[in-house]
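Below is one structure, written out as C-alpha cells; comments come after it.
As the structure is a prediction and not an experimental result, all values here were calculated from the model. Letters go in sequence order (proteins before strands), and every chain restarts at 1.
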Amino acid sequence: MAITVALLLIIITLLLGLPVPFCFMLSTTFMVVTHGYDPSFLLPYGFSQMSSIVLLAIPLFIMVGGMMDRGGIGTSLVNFVEIFVGRIKGGLGVVAVVSCAVFGSISGSCAATLSCIGSIMFPRLREKGYPMGHSAALVSCAAPLGLLIPPSSQMILYAWVGQQSVLACFLATVGPGIVLMILLSLLNLIMLRKDPNIEVVPVMSRGEKLSMFRDRGKRAAPALFMPFIVLGGIYGGIMTPTEAAAMAVLYSIPVGFWVYRGLNRGNFIEVIIETATTTGVVMLMMYCIMMLSRIYVQERLPDMIINTLTAVSTNRYVILFMINIFMIIIGMIMDDVSAMLLCTPILLPVVTALGVHPIHFAAIIGTNLGMGNVTPPTAPTLYFGGRMAKTPVSQMMKPALVFITFAWLPTLLAVTYLPELALWLPRLVLGGRI
Amino acid sequence: ATPSLAKDKLTLKVAGISAPEYRGTKSLYTIKDIVEKGTEGRIILDIFPANQLGDYTQVFEEIRRGTIEMGLIFLPSQFDVMLEVGSLPFLAETGEGMQEQLSPGSYVYSIIEDSLDKLGVRLLRIYGDGFVGVGLARKPKDPVKAGTPKDAMIRVAPLAVYKETAEDLGFRTASIPYADTYSAIQTGVCDGWIGGSSQINYLSFRDVIKYYIPYNCLFDQTGYIIGKDIWNKISPEDQKVILDAVNEQADKSFADSNAEDVEYQEKLAEAGVEIIPISGSEMAELAEYIRNTTWPKLESTYGKETLDKIKESLQ
Amino acid sequence: MNLIGSIKRSLFWKSILGLQRILLVLTSLFVVLIMCAEVVLRYVFKSDLFGIEEIVVIAAFWLYFMGSSYGVFEKSHVKADIIPQMLRPRARALLSVLVNFTVSALCILFTVWAVGMVRYCITWMPRTTGLRIPIYISQSSVLLGYALMSMYSIVYFIEDLFVFVSMGREREA
Ligand code: NA
Ligand code: NA
C-alpha cells in the first residue's frame with residue numbers, strides 16, 4: 001500500500017537525520033508522484049488551513065517563554081516554591097518538580113521550562129550533594145509539565161487540528177499533570193531516602209518562615225502575576241487564548257527589563273529573532289503535515305486504521321491500549337510537536353468513532369506524547385537536560401527509566417482508563433456541553 | 001486522485017462542510033444512492049463531510065481546479081463578492097419568499113449562477129439551511145426594535161454583510177474565531193453571536209445562551225456545485241439523473257428549514273432558553289428599516305443597479 | 001571552500017540575512033501589538049477592529065515563513081539523527097551530503113509549486129472576505145520562504161560536498 005510506504009518513508013528519513021518538515025515534504029512528494037496528487041491544490045490547502053488566528057497563540061506563547069527565560073524570572077519562582085517543600089531529605093528535588101509545574105503555567109513549552117528551571121536548579125542540586133544523574137533525569141522528566149499545565153502549545157495544536165475548544169483542551173491535561181507531579185515527587189523522595197550525601201536545610205522557626213515568605217513572595221509576585229494574566233484572562237472571559245498570549249508577551253517585556261533585569265537592549269532583539277525562528281520551525285512542520293494529512297483523508301487512512309484495529313478487538317479500552325502503544329513508539333522516534341501533528345489527524349477520527357470524547361483524547365495524546373520527550377532514542381528533553389546538568393546521559397538512563405516506568409506510565413494509564421481525570425476540570429469550568 | 005474514466009466509471013469526490021448527522025450532509029448521501037442507482041454505477045459519489053477536505057473557501061478553489069469534483073458548501077466570496085448576494089439581509093421575510101429568491105428563475109439566483117459560471121463552476125441548486133437569529137447570554141435592550149442600541153456585543157463572521165446588519169440592528173460587534181465563540185460567550189468575552197439558525201444554536205450553544213431572537217434577517221444557504229469541466233464530461237442522461245436528485249433535495253430543503261426552525265425553537269425553549277418572539281408587523285418594520293439603512297451601505301459592494309433590481313423583485 | 005566563503009562574505013548574503021532579521025522582529029512586534037490593541041479597543045473604547053485578524057494573519061504568515069527559512073540558515077530545524085551518530089566520520093559526511101541534497105531538491109521543487117500557487121492567485125485575485133485584501137500578499141510569503149530555503153540549503157549542500165571530497169583526499173594522501 002502506497003500510504004504505508006509513505007508513512008515508512010517518514011520514519012526512515014527521520015532516522016537518517018533528515019529534518020522533520022522535509023520528511024513530511026518527501027512523503028508528500030512521493031504521494032504526488034505515485035498517486036497523481038496535484039501539488040497545485042496541496043500548497044494552497046496547507047496555506048488555507050494555517051490562516052487561523054487560533055494558531056497564532058503558539059508563536060506568542062513561545063515568545064513569552066523566551067522573554068521570561070531570558071528575563072530572569074526563574075530564580076524568584078524557584079525561591080518561592082522552596083519555602084513550601086524544601087526542608088526534607090530529597091526536598092530540593094520536589095522543589096524542582098513543583099517549579100516546573102509552576103513555570104508551566106507561564107510557558108507553553110517543554111524546552112523553555114527545562115532551560116529555565118534546569119539552569120537554576122542544577123547548580124543548587126549539585127551544591128547540596130544530590131546525585132547528578134538522578135537530578136538531571138528528574139528535572140528532564142518533570143519538564144514536560146510545562147506542556148501539561150496550561151497554557152500549552154501542544155494543546156493549541158490539538159485543538160486547532162481537531163476543531164476543539166482551546167480552553168477545554170488546556171484544562172484536560174491539568175489532571176494528569178497534577179498526578180504526574182505528585183508521582184515524580186514521591187518517587188524522588190523514595191529513591192533518595194537513604195542517600196547519605198544529601199545535605200538537608202535546617203528547619204526554620206515560624207517567624208523565619210513568615211518573613212522569608214514575605215520577602216520571596218514579593219520578589220516572585222511579578223512573575224506569579226503572569227499566569228494570572230494568561231489563565232485569569234482566558235477563564236475570566238476577558239480575552240481569547242491568542243489575545244492572552246499577546247498580552248503576556250507585552251507584560252513580560254517591562255518585567256524582564258526592569259523588574260528582573262535579565263533583558264537588555266542587546267538580547268531583546270536576539271530573543272525575538274530566536275523565538276521567531278522557533279516559530280518558523282514549528283510552522284513549517286505544520287504546513288507540511290497539513291498537506292500530508294489531506295492526502296491521508298483522501299486515501300481514507302483513518303478508516304483503514306479503524307478497520308485494522310477493530311479486526312483485533314472491538315473493545316474501546318483494548319483499542320485505546322493499542323493506540324497508546326502506537327503513540328509511545330511514535331513518541332520514541334519523534335519530537336512532541338511533529339508527533340502531535342502526525343497523530344492527531346489520523347487518530348482523532350478513529351477514537352471519536354469509537355465513542356472516546358475528543359477532550360478526553362486530548363489528555364491522552366498530550367500525556368503520551370509529552371512522555372515522548374523523555375523516551376529514548378529520540379529524547380530531546382533528556383539529552384538537553386544532560387547537557388545542562390553536565391552529566392553523561394548514561395548516568396541518567398537508569399533513574400530516567402524509573403521515572404518513566406513508575407511515574408509517566410501510571411499517569412498515562414490513569415488518564416486513559418479514568419476519563420474523569422481528564423474531564424472533571426473542563427466540565428467544572430466550562431459546564432455541561434463538554 | 002484524478003477521477004478514473006476507465007470503463008465509463010466516474011468517481012466524483014463530493015465535499016461537505018456540515019457534520020455527518022446534519023440534514024444537508026444526509027441529503028448528499030441520499031443523492032449518492034439515487035445517482036449511483038440511476039446511472040447504474042457509471043457515476044460514483046465519494047462523500048467527505050465535515051470539512052474533511054478543507055473549509056469551504058478551500059473546497060471551492062479545488063472545485064475550480066478540478067481536484068475536488070462536487071460540493072455542498074457556502075459560496076465563498078473570495079473570487080467574486082457577488083456570490084454573497086444571497087446573504088443580503090431581509091432578502092425575504094418568510095421561508096416561502098426565501099425559496100423563491102434562491103431558486104432558479106429569480107434575479108438573485110441568476111446573479112449567483114452567472115458569477116459561478118464565470119469562475120468555471122456550475123451551480124446545480126441552492127440548498128436552504130435556515131433563517132439566522134441571534135443567540136445571547138443576557139437580555140438586550142429593545143430587542144425587537146431595529147436601530148436602537150442593544151447594549152450587547154455579539155460575534156459576527158468576517159463578512160461585511162453580517163457586520164453591517166448586526167450593527168444596524170443595534171448590536172456592537174466583535175470578530176472572534178468561530179471555534180472560540182462558545183467559550184467567548186461562556187466566559188463573557190462577548191454577549192452572544194449572530195450567524196446560526198435555531199438548530200445550530202440548540203445543538204452547539206444551548207448551554208451558554210439564555211435568549212434567542214429569531215430576527216430572520218439573514219438566511220443560511222449552501223450551494224450544490226460541480227466543476228464545469230467534469231460536468232461537461234457527463235452524458236446528458238446521467239446529468240439528468242444528478243439534476244433530478246439534487247432538485248428533489250433542494251426543494252425539500254426549504255420546507256424542511258421552516259419546520260426545523262419551529263422544532264428547534266421549541267427545543268431551545270425546553271432547554272431553558274427564552275425565545276424573544278417577533279410578530280409579523282414587527283418583522284415587517286425590521287425588514288423595512290434594514291432595507292432602507294443597510295442596503296444603501298452595501299451599494300458600493302454590490303452595485304446600486306443590482307440592489308434596485310432586487311428591490312423591484314421583492315414587490 | 002573559497003567559493004562558499006566568498007558567498008557567505010558577500011554583501012548580497014549579508015543583506016538578505018539582515019532583511020530577514022528585520023522582518024522577523026517587525027512582524028513579531030506587529031502581531032503582539034495588534035492583538036493587544038484589540039483587547040484594549042474592546043474594553044476601553046467598546047469597539048472592534050473589523051477584519052483586523054485578516055491583517056494579523058498576513059503578518060503571521062510572513063513571520064512563519066521568514067522564520068522557517070531563517071531556521072534553514074541557522075540549521076535549527078528539528079531532526080532525530082539516530083543513525084548518523086552511529087556512523088564513522090566519513091560515512092556520516094556522505095550521509096550529510098545526501099541529506100542536504102534531498103533538502104535542496106525538495107526546496108526547489110516546492111518553490112516551483114509555490115510559483116504556481118502565487119501565479120494562480122495573481123490571475124484570479126481571490127481576496128479575504130472582510131477587508132478584501134488580495135490573498136497573494138500573504139501567499140507570496142510561502143514562495144519567498146521556499147526560495148530562501150532553497151538558496152541556503154544549496155549552499156550547505158555544496159559546503160558538505162566539499163567536506164566529504166576533502167576527507168576523501170586526506171585519506172588518499
Ligand atoms: Na504550560
Ligand atoms: Na522520544
C/Glu74 versus chain A, the contacting section by heavy-atom distance below 4.5 Å: side chain
Contact class of A/Val64 relative to chain C, heavy atoms under 4.5 angstrom: neither
Nearest non-hydrogen partners of C/Pro84 and C/Arg92, listed with the distance: O-NE, 3.1 Å
Per-residue contact mode, C/Leu109 against chain A (heavy atom under 4.5 angstrom): side chain
Verdict with supporting geometry, A/Phe22 and A/Thr13, side chain to side chain contact (heavy atoms under 4.5 Å, CB included): CA-CA 9 Å; A/Phe22 299 96; A/Thr13 49; over 6 Å; no
Best-contacting candidate, A/Thr278, A/Ile273, A/Thr242, A/Val249, against chain C by heavy atom pairs under 4.5 angstrom: A/Ile273
Most chain C-contacting option - heavy-atom pairs closer than 4.5 Å, from A/Ile269, A/Leu55, A/Leu250, A/Ile238: A/Ile238
Residue selection (most heavy-atom pairs with chain A, distance under 4.5 Å) from C/Gln20, C/Arg42, C/Glu53: C/Arg42
Region of C/Val142 in contact with chain A, defined by heavy-atom distances below 4.5 Å: side chain
Contact origin within C/Tyr146 toward chain A - heavy atom pairs under 4.5 Å: side chain
Segment of A/Pro44 engaging chain C (4.5 angstrom heavy-atom cut-off): both
Other residues, nucleotides, ligands: >12 heavy atoms within 6.0 Å of C/Arg90 CZ: yes
Region of C/Ile58 in contact with chain A, defined by heavy-atom distances below 4.5 Å: neither
Whether C/Phe61 and C/Phe65 hold their rings parallel, tilted or perpendicular, with breakpoints at 30° and 60°: parallel
Other residues, nucleotides, ligands: >12 heavy atoms within 6.0 Å of C/Tyr136 OH: no
Contacting region of A/Met285 [heavy-atom separation from chain C under 4.5 Å]: side chain
Interface moiety of C/Tyr43 toward chain A, non-hydrogen atoms closer than 4.5 Å: side chain
Carboxylate-amine/guanidinium proximity below 4.0 Å for A/Glu274 and A/Arg70: yes
Engaged part of C/Cys107 at the chain A interface, taking heavy atoms whose separation is under 4.5 Å: side chain
Residue selection (most heavy-atom pairs with chain A, distance under 4.5 Å) from C/Leu63, C/Leu98, C/Leu95: C/Leu95
Largest heavy-atom contact set with chain C, pairs under 4.5 Å, which of A/Leu60, A/Thr29, A/Leu42: A/Thr29
Chain A contact via C/Leu33 - side chain, backbone, both or neither, heavy atoms under 4.5 Å: side chain
Under 4.5 Å from any heavy atom of chain C - which part of A/Ser40: neither
Contact leader toward chain A among C/Val103, C/Ile135, C/Leu24, where contacts are heavy-atom pairs under 4.5 Å: C/Val103
Side chain C/Ser104, main chain C/Ser153, donor-acceptor under 3.5 Å: yes
Ring-ring centroid check A/Phe41 C/Trp113, cutoff 6.0 Å: no
Aromatic ring proximity C/Tyr64/A/Tyr287, centre distance under 6.0 Å: no
Donor-acceptor pair, side chain of A/Ser27 and main chain of A/Cys23, under 3.5 angstrom: no
Proximity breakdown for C/Ser96 and chain A, heavy-atom pairs closer than 4.5 Å: neither
A/Thr277 and C/Ser76: side chain donor to acceptor below 3.5 Å: no
Contacting region of C/Met149 [heavy-atom separation from chain A under 4.5 Å]: side chain
A/Asp69 side chain vs A/Gly66 backbone, donor-acceptor pair below 3.5 Å: no
